[in-house]
Amino acid sequence: MAESMDLNDFHWLLAIVQSIDVGVVVLDRQYNVEVWNSFMENHSGRSARDAAERSFFELFPEVDEVWFRNKVENVVTLGTAAFTIWEQRPYLVRFKNYQPITGVEDFMYQNTTILPLMATNSKIEHLCVIIYDVTGVAVNKRQLQSISDQFKHLSRTDRLTGLNNRGHWEEELKREHARHRRYGSSAALVIFDIDHFKKVNDTYGHQAGDTVIRSVAQVLREQLRDTDIAGRYGGEEFVVLLPDIDATGARIFAERLRMLVERLQISHDGQVIPFTISLGVADLSEPSHDHQQVIQWADQALYNSKRNGRNQVTVFGF
Ligand SMILES: Nc1nc2c(ncn2[C@@H]2O[C@H](COP(=O)(O)OP(=O)(O)OP(=O)(O)O)[C@@H](O)[C@H]2O)c(=O)[nH]1
């Protein structure tokens, strides 16, 4: 009676393992396949008969052999299961993704469990690899992350120029100012403003004015190093934070920008729009209370450039 129950149990278990919607593979200690359920048959295109006694690494050359062997050795030594989630490794074996809703990805994301299987002699001579299809969860999470990244980018970016907007740029300045205080690194701030911009708008129209603002932003972008942080501060006012540069270097940067803008040829209805910029430079090496004070210094220098005839650079304190 008990024996027939055991046999029943065994058949039931086999039926369950065959039909569950996860991959089940039993490997011996030489990594040869002993059990291969229907999930594995369906997704790999290989029958259990075809996979039997073949090396797991031969069946799936994409498996990182060193990593997998190491993982299995730990499972055997410790006698406990090991888990890998898709965020650590997108998949163990590369299966095609057939889920219609998540069709954006062409492979199946997987979580994997490796279980030690103890024999009656208490030795671990086999392992069970369980593969879960988590494509739906993974794709949703990645899409949410991508939307959140896009929102973050939009909330920091000026629509017209693509530069940092004022709020985000000020946060960056605040951070750099604090870093500068802690480490005494050099940095400078350049503020500049398009001269007589109201006249550009009044003469050529607001759209032409927008084109001028965009062109200035483009010239600025072309002059930036990776670590420089540029922003649109107001209507026709721009700011650049230049880390690891002193006042002399910042003056050279500002002067080059001034010349490049002066040479820009923006046409409107066949006419070239003449325009220039005035610039103010402040040195973060000078002792300051906070980042706002450095902005005031650069603003003051910009004001002096305007007052002294525009189209020029002034360094605060010089
Ligand atoms: N086209 C356009 N114009 C803008 C934008 N933002 C601000 N302005 C205009 O920029 C002009 C700024 O004029 P003012 O502050 O008087 O300065 P300005 O004419 O440049 O004179 P100075 O700065 O003294 O040389 C105003 O006419 C604003 O309407 C924008 O996004 N696009």
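In this text, all values refer to a predicted model and were calculated from it rather than measured experimentally. All ligand and atom numbering here is 1-based and tracks the order in the structure.
Using a 4.0 Å cut-off between heavy atoms, Arg310 contacts ligand 1 through its side chain alone, with no backbone atom that close. For Asp210, heavy-atom contacts with ligand 1 shorter than 4.0 Å involve the backbone as well as the side chain. Of all the heavy atoms of Asp193, the ones lying under 4.0 Å from any atom of ligand 1 belong exclusively to the side chain. With a 4.0 Å heavy-atom cut-off, ligand 1 is reached by the side chain of Arg232 but not by its N, CA, C or O. Of the heavy atoms in Ile213, only side-chain atoms (C-beta onward) come closer than 4.0 Å to ligand 1.
With salt bridges taken as basic N to acidic carboxylate O contacts below 4.0 Å, none links Glu171 and Lys174. At a threshold of 4.0 Å, the pair Arg54-Asp50 counts as salt-bridged, since one of the basic side-chain nitrogens sits closer than that to a carboxylate oxygen. Look at Arg214 and Asp210 and you find no salt bridge, because none of the NZ, NE, NH1 or NH2 atoms lies under 4.0 Å from a carboxylate O.
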Where do Ser278 and Asp195 land on the side-chain contact (heavy atoms from CB on, under 4.5 Å) test, with the steps shown first?
CA-CA 7 Å; Ser278 296; Asp195 296 324; 2.6 Å; yes

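Between Trp169 and Tyr233, the ring planes lie perpendicular to each other; the angle is over 60°, past the 30° to 60° tilted range. Aromatic ring orientation, His268 versus Tyr204: perpendicular (interplanar angle above 60°, classes split at 30° and 60°).
Scanning the protein for heavy atoms near atom 25 (O) of ligand 1, the closest one is His196 N, 2.8 Å. Protein heavy atom at the shortest distance from atom 28 (C) of ligand 1 is Asn201 ND2, 4.2 Å. Considering only non-hydrogen protein atoms, atom 18 (P) of ligand 1 sits nearest to Phe197 N, 3.3 Å.
When ring centroids are compared, Tyr91 and Tyr109 stay outside the 6.0 Å threshold. No close placement of the Phe56 and Tyr31 rings is indicated, their centers lying 6.0 Å or farther apart.
One option in Glu236, Lys199, Lys198 has a heavy atom closer to atom 15 (O) of ligand 1 than any other, and that option is Glu236. If you check each of Gly235, Ser305, Gly205, Ser278 against atom 6 (N) of ligand 1, the one with the closest non-hydrogen atom is Gly235.
With Arg232 as the fixed residue, the side-chain contact (heavy atoms from CB on, under 4.5 Å) test singles out one of Thr157, Asn164, Val239, Ile213: Ile213.
Of the polar atoms of Ile194, at least one N or O is found under 3.5 Å from an N or O of ligand 1, judged by distance alone. In terms of polar-atom proximity, defined here as any N/O pair under 3.5 Å, Lys306 does make such a contact with ligand 1. Remark: ligand 1 and Gly209 share no N or O pair separated by less than 3.5 Å (distance only, no angle test).
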